[in-house]
There are 2 protein chains.
Amino acid sequence: MSSPTAVEPFPAHTSAASQIFTTVLSQGPLTRLEVARRAGLSAAAVTRAVRPLIEDGYLAEDADEGARPALGRPASLVRVNGGRALFIGVKATGDTIIGVLTDLRCRILVARHIPLPARDPKSVLGTAAELVRELLIEADGLGVRVAGLGMAVSGDVDRAEGVVRYSPFLEWRDVPLAELAAMTTGLPVTVDNDVRALTVAEQWFGAGVGLSGFAVVTVGAGIGCGLVVHGRVVAGAHGVAGEIGHVTVDPAGPRCHCGNRGCVEAIASDEAIVRQVSAATGVQVADAVEAAGLAHDGVAGAREVYARAGDAIGRAIATVANLLGPERVIISGEGLAAYDLFADHIRDAFATAAFGSAAQCDVRTRPLPFDEWARGAAATAIQSFIRSDAN
Amino acid sequence: MSSPTAVEPFPAHTSAASQIFTTVLSQGPLTRLEVARRAGLSAAAVTRAVRPLIEDGYLAEDADEGARPALGRPASLVRVNGGRALFIGVKATGDTIIGVLTDLRCRILVARHIPLPARDPKSVLGTAAELVRELLIEADGLGVRVAGLGMAVSGDVDRAEGVVRYSPFLEWRDVPLAELAAMTTGLPVTVDNDVRALTVAEQWFGAGVGLSGFAVVTVGAGIGCGLVVHGRVVAGAHGVAGEIGHVTVDPAGPRCHCGNRGCVEAIASDEAIVRQVSAATGVQVADAVEAAGLAHDGVAGAREVYARAGDAIGRAIATVANLLGPERVIISGEGLAAYDLFADHIRDAFATAAFGSAAQCDVRTRPLPFDEWARGAAATAIQSFIRSDAN
DNA sequence: CTCGTTATTTTCCGCTGTCAATGAAAGAAG
DNA sequence: CTTCTTTCATTGACAGCGGAAAATAACGAG
């Protein structure tokens, strides 16, 4: 993250302060005592940390009108004042840039899409800057400052340095995106891998709240996986992590562009499904929607392809569960539009391939509107804003 | 861990103290300044933490006779005084209990094996107690107290509670081993899964020193995997973690006792290899040593079995590397006696199946004398001794 | 013997978070 | 209507930790 202009920073007076703020942010309105319990601190520490945050407008206090106990002084709830600061999240896909304006609680206020003329860094950056400008105008209309910009890119991204090491999709190598975007927009910029960004959003604002270990599996154009272990998002040694897409599911399966056979991605990605459905039915389908249409119409060959895909995904998830013992697996992604076609197969394959108590892992799905990718980017910006030592 | 008798605890005056001690313990003799750098603390903090530890005899100071610089005050090296305390590690296998007596630096001083009459908790505990008694006598001879007992068991073990949840191998369920052993021996007891224990030993005293993410893969009677992520050993949600043995490598492969087909363990474990070599050569081999003998003699069918086994292991390791991006993978285990038979195949399969920069992961092997399993158990005891909040 | 240089120690000093005591805001009891 | 009881929140005193900077130590080179 780099901050070119002197934006007033988050008043994280103490390390406990940011921890307390994070607790309130992700676990919703809580009484001070409850915050103390969950953060493992004394009530006194919470009181002290909360006061300046309320003064600065980051937290607010409500009476707890809900579950009032029969006895004792009623608790007052502390919640994050979402309107205190805004954030922008940007995600570049192959042909579009998606941008969202969110509040501090990562709720999407405005979403915008702009078609992408070309994929080179300059074009993408120019288009992204345009999008950011539009969203900054929206923010101005709200009269709230934008405190950070998050950018999510697929591939090998070094978040600490803000550099895109290698993105096969965009054909980028060693692009110092954070620096460039910070110069262009004047905002503090956080850059991260797209799936990891989505995982951060789940960890703080989604189905991963409060869990110390979980996995996010995205099904769509590619098959991705974000991992949280020991309460932290995993970023492996060489930037690569969560490459579930190239777990071998069937050494005799179709050839994958990575050079191997039977990768999950070669069986269950949109592209693979289109190819296989075309081959199996003799109908030349153009995209995943058409392929799903055939399957929904009951065409046996197409249904068979989805069955195999679901099986592959289920096995891959079981592999993750066997290795890491996550408390939960969240299946998400654009591919979920056709989720009914593989849901059962995923469940069956997972149940079969999960070993021992790994089978107890809670596997659930979550629809993923396309804007969510950009929201993930915004979540990384929020994370960076709250604690500069993020991740 | 439970401590029945009041054994004088480790004087971890501060949280930084144990961190500093751990740094010196695993990174060998270091100057104070170097310790400060590696632990991310100030030199003053190191000086302060070191003094009482030297007074208590846990640390010692040497002149740095080695690389003396041309200029300035020569540094003095701080090292752990291994002789300050002893530890016992015990590992139960199918037919034998192995016990080691180690010093504080986890160097094996005495190793003992006792045949195991039966596998029920009472028999195992009785035999283990006998072994511990023998080792305590050895320790008495050295005039140093034994500060802890570590026990390693295969299966689902809850280290925090000291309970063996389920060990298929021993056919145990919910055995409160730590409590039982503490009552029997009067020592503070730590109980952990055997592969995790081995991983702790590598992390503190072996090839994992200083790495924040690595994997230990054991090849032998079973195929196991210990993982370190974010500098901590992974223990999944339901005790199960690192189940690399049941990663599916070939859905058309041989049936595994877990019910699936083509698990790594069904292809590369000792038992699987014996079975496959027997089938391929027509010779009824009795154990892994005979199987390896045939292969070493150049019998094609046997060599082929090892090739497939190496391939399966290499793919499984690649899966781990793709998912987690470890800095290193350490291959170990009794199966390494025949390592030359699959080494090349492991490397080839890994190189093929590792995706992108995951292929840069350093894959190395390490011979594993059988005593090492017990040493791993001792390492967990040392860890518990140093910081009660271990893991 | 004095300097320059690097390692270690000492001397403050501020910050953080805990403890224990106190205040506040109810409903309950009389 | 007053006083208790109960629970949540706040305050003040305090101790410990670790950092910064200054002081000290140990050596080789002039």
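To find a chain, count down the sequence lines: A is the first, B the second, and so on, and within it residues start at 1.
Here C:dA7 presents its C1' atom at 12 Å from CG of B:L77, a figure rounded to the nearest Å. Summarising the geometry, the separation between CD1 on B:I54 and P on C:dT9 is reported as 8 Å, rounded to the nearest angstrom. Atom CG in B:L59 sits about 14 Å away from atom P in C:dT8, given to the nearest Å. Per the geometry, CD belonging to A:E61 stands 7 Å off P belonging to D:dT10, to the nearest Å. In this structure, B:Q19 atom CD and D:dC17 atom P are separated by 14 Å, rounded to whole Å. Remark: C1' of C:dG17 and CG of A:L41 are 8 Å apart, rounded to the nearest angstrom. One can place CD of B:E55 at 12 Å from P of C:dT9, the figure rounded to the nearest angstrom. Taking atom CZ of A:R32 as the reference point, atom P of C:dA25 lies 13 Å away to the nearest angstrom.
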Tabulate protein N/O versus nucleotide N/O from nucleotides 2-5 of chain C, keeping only pairs under 3.5 Å, one per line.
unit_1: C:dT5; atom_1: O2; unit_2: B:G72; atom_2: N; d: 3.3

Listing time: all N or O pairs from protein to nucleotides 12-15 of chain D that are below 3.5 Å?
unit_1: D:dG12; atom_1: O6; unit_2: A:R48; atom_2: NH2; d: 3.2

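Distances shorter than 4.0 Å separate some side-chain N or O of A:S76 from OP1 or OP2 on D:dA9.
Of the candidates D:dT10, C:dG17, C:dT18, C:dT18 carries the atom nearest the A:S42 side chain, counting heavy atoms from C-beta on. Of all nucleotides listed (D:dG19, D:dA9, D:dG18), D:dA9 comes nearest to the side chain of A:T31. The nucleotide whose nearest atom lies closest to any side-chain atom of A:P74 is, among C:dA25, C:dA7, C:dT9, C:dA25.
Residues passing the side-chain contact (heavy atoms from CB on, under 4.5 Å) test with B:L211 are B:F214, B:E327, B:R328, sequence neighbours excluded. Annotation: ring pair (Phe, Tyr, Trp, His ring centres under 6.0 Å) contacts of B:F21 (sequence neighbours excluded): B:F10.
The two residues A:L86 and A:A139 make their nearest non-hydrogen contact at CD1-CB, 3.7 Å. Closest heavy-atom contact between B:I20 and B:A45: CD1-O, 4.0 Å. Taking each heavy atom of A:V80 and A:R105 in turn, the nearest pair found is O-CD, 3.5 Å.
Atom CE of A:M151 sits about 9.5 Å away from atom CG of A:L180, to the nearest 0.5 Å.
B:Q383 has its side chain within reach of B:R159: a pair of non-hydrogen atoms, C-beta onward, lies under 4.5 Å apart. With contacts defined as side-chain heavy-atom distances shorter than 4.5 Å, the pair A:R165/A:V163 qualifies. B:P326 is listed as a side-chain neighbour of B:C361, based on a closest heavy-atom distance under 4.5 Å.
Taking five base pairs at each end of the helix from C:dC1-D:dG30 to C:dG30-D:dC1 and finding the rotation axis that steps the C1' atoms of four pairs onto the next four gives two axes whose angle is 20°, to the nearest 10°.
Ring planes of A:F385 and A:Y58: tilted class, angle from 30 to 60°.
In this structure, A:R366 pairs ionically with A:E202, as a charged nitrogen and a carboxylate oxygen lie closer than 4.0 Å.
Residue pairs that meet the salt bridge (charged side-chain N to carboxylate O under 4.0 Å, His left out) test with at least one member in residues 46-55 of chain A, sequence neighbours left out, do not exist here.
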